[in-house]
Amino acid sequence: MTSRPGYLTSGTESMPFHEALRAAIAASGLSLDRLQDRLLRRGTPVASATLSSWQSGRYQPERQRSLAALSVLEDVLRLPPGALTGLLGPPRPRGRWLPPDGDHPDLARAWSDHHDLTAALAVLDTRWDDSLTRLSCHNRLDVDADRRVRSMTSRRLLRAEADGADRWIALYRLDAPGPLPRFRPAAPARLGTVVELPEEGLVAAELLFDSPLARGGTVIVDYTVEHRDPRPYSQRVETTIHVPMREHLLEVRFAKSCLPRACYSFRTNGLDAFPDAARPREQRLRLDASGAVHAVALGAGPGRVGIRWVWG
């Protein structure tokens, strides 16, 4: 590495990429949020959660926009051009069931099962997906006395990392064939374009904000997924998290007249389709006095978080 006055000038030539990046960031004295801000001001936005994943070694930048941002990051950290990009290893194999290598998968790849959904979801305006930081999400599933799911409610807090974000893309997949559900956004959000893919058991919808967000602005998005017919004999619920999220709360409320024998939470470290992947970590959950269980995942994603239950 050639010498250049700055935060880090030598000693990283033999380091793995993530260690060199972590050392450069530490030497700079800049927080991840400040680095995120400087990258955004230069037109190469990268979420602080992504920077954290890069320096931890969990992912490495591979997409073109990530590599462009990395070049700018070298300059922000006062490193010679190529000081970090030259340490990157070869791209890792990609596939629908693998976690993203560099940042995160787009919606089509995250939600594809056996078929490529890129063309089907292209009618949705997904350009703001990368610039909305997921601060928190609370999903609640209600199971009736006949062991059927009637609806799921979702409430999430989002923060805009760029000016102009005006919608959230909501997706829901059935765990068995049947009529697709409807999205019911709560005011002030309203429904935009809806894509229904019966053969995939998938429905996706734009939930439009009442006005575009300015950078740093936050919005609460509430909606309900209503089933046209109650889902028969449900035994699990699962959330796909394709972009890192600070806090995810998953709750299942059972009718007190029909409680399961046991409940377990599970979590994967990638987007492997459960149960085809290796069995994820599970934890026994305790039903509370109201007949509900919940699981909390902090710093979650990309991956899957879920709750399964066993009927007596």
Side-chain angles (χ1 to χ4, degrees), residues 96-97 105-124 126 129 137-156 168-186 191-207 221-242 248-255 258 260 263-268 270-277 280 293 295 301-311:
R96 177 247 171 240
W97 47 85
D106 57 25
L107 286 170
R109 181 145 56 94
W111 284 83
S112 294
D113 192 354
H114 301 295
H115 304 97
D116 186 356
L117 301 182
T118 303
L121 298 181
V123 298
L124 300 174
T126 62
D129 190 61
C137 174
H138 179 187
N139 288 336
R140 190 189 78 218
L141 196 75
D142 290 299
V143 182
D144 66 18
D146 294 320
R147 303 180 177 181
R148 300 178 303 180
V149 173
R150 293 190 175 274
S151 65
M152 185 197 77
T153 59
S154 181
R155 178 181 177 87
R156 61 191 66 228
W168 166 259
I169 307 300
L171 299 99
Y172 189 89
R173 168 168 269 142
L174 299 176
D175 57 3
L180 293 177
R182 295 181 288 255
F183 284 101
R184 299 289 191 194
L191 199 61
T193 301
V194 177
V195 174
E196 294 187 341
L197 302 173
E199 67 281 3
E200 296 285 338
L202 183 71
V203 58
E206 298 173 346
L207 304 183
V221 179
D222 279 312
Y223 64 92
T224 300
V225 180
E226 295 179 346
H227 290 284
R228 303 174 196 269
D229 294 312
R231 303 299 298 147
Y233 201 77
S234 294
Q235 290 186 275
R236 73 187 193 101
V237 60
E238 178 183 292
T239 300
T240 297
I241 303 176
H242 79 292
H248 183 271
L249 171 61
L250 183 60
E251 180 185 9
V252 182
R253 293 186 181 180
F254 299 94
C258 187
C263 296
Y264 303 87
S265 66
F266 62 85
R267 180 175 176 178
T268 71
L271 293 175
D272 294 352
F274 181 83
D276 297 328
V293 292
R304 301 178 189 274
V305 176
I307 294 175
R308 70 176 184 89
W309 52 95
V310 180
W311 296 113

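Predicted model only: the values in this text are computed from it and were never measured. Nothing fancy with the numbering, it's 1 onward along the sequence. The figures here come from the full heavy-atom set of this structure, side chains too, leaving out hydrogens, waters and symmetry mates.
Judged purely by atom type and a 3.5 angstrom limit, Glu206 uses its side chain to pair as donor or acceptor with the backbone of Thr193.
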> Given the rule in the side-chain contact (heavy atoms from CB on, under 4.5 Å) test, do Ile307 and Tyr264 qualify, once you have shown the distances and angles that lead to the verdict?
Replying inline: CA-CA 6 Å; Ile307 294 175; Tyr264 303 87; over 6 Å; no

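Annotation for Pro181 and Arg228: closest pair O-NH2, 4.1 Å, computed over non-hydrogen atoms. Shown here for Cys263 and Trp309, the closest heavy-atom pair between the two residues is SG-CB, 3.7 Å. Considering every non-hydrogen atom in both Val293 and Phe254, the closest pair reads CG2-CE1, 4.2 Å. Heavy atoms only, all atoms of each residue included: Leu124 and Ala204 are closest at CD1-CB, 3.7 Å.
For the 3.5 Å distance criterion, the side chains of Thr240 and Arg304 qualify, holding a donor opposite an acceptor. Between Arg155 and Thr153, the side chains place no donor N or O within less than 3.5 Å of an acceptor N or O (distance only, hydrogens not considered).
Using a 4.5 Å heavy-atom cutoff, the side chains of Leu180 and Leu174 are in contact. For the pair Met152/Thr224, no side-chain contact is recorded, criterion being any heavy-atom separation below 4.5 Å from C-beta on.
Checked against a 6.0 Å centroid threshold, the rings of Trp168 and Tyr223 do not count as neighbours.
Salt-bridge formation is detected for the pair Asp144/Arg150: a Lys NZ or Arg NE/NH1/NH2 atom is positioned less than 4.0 Å from an Asp or Glu carboxylate oxygen.
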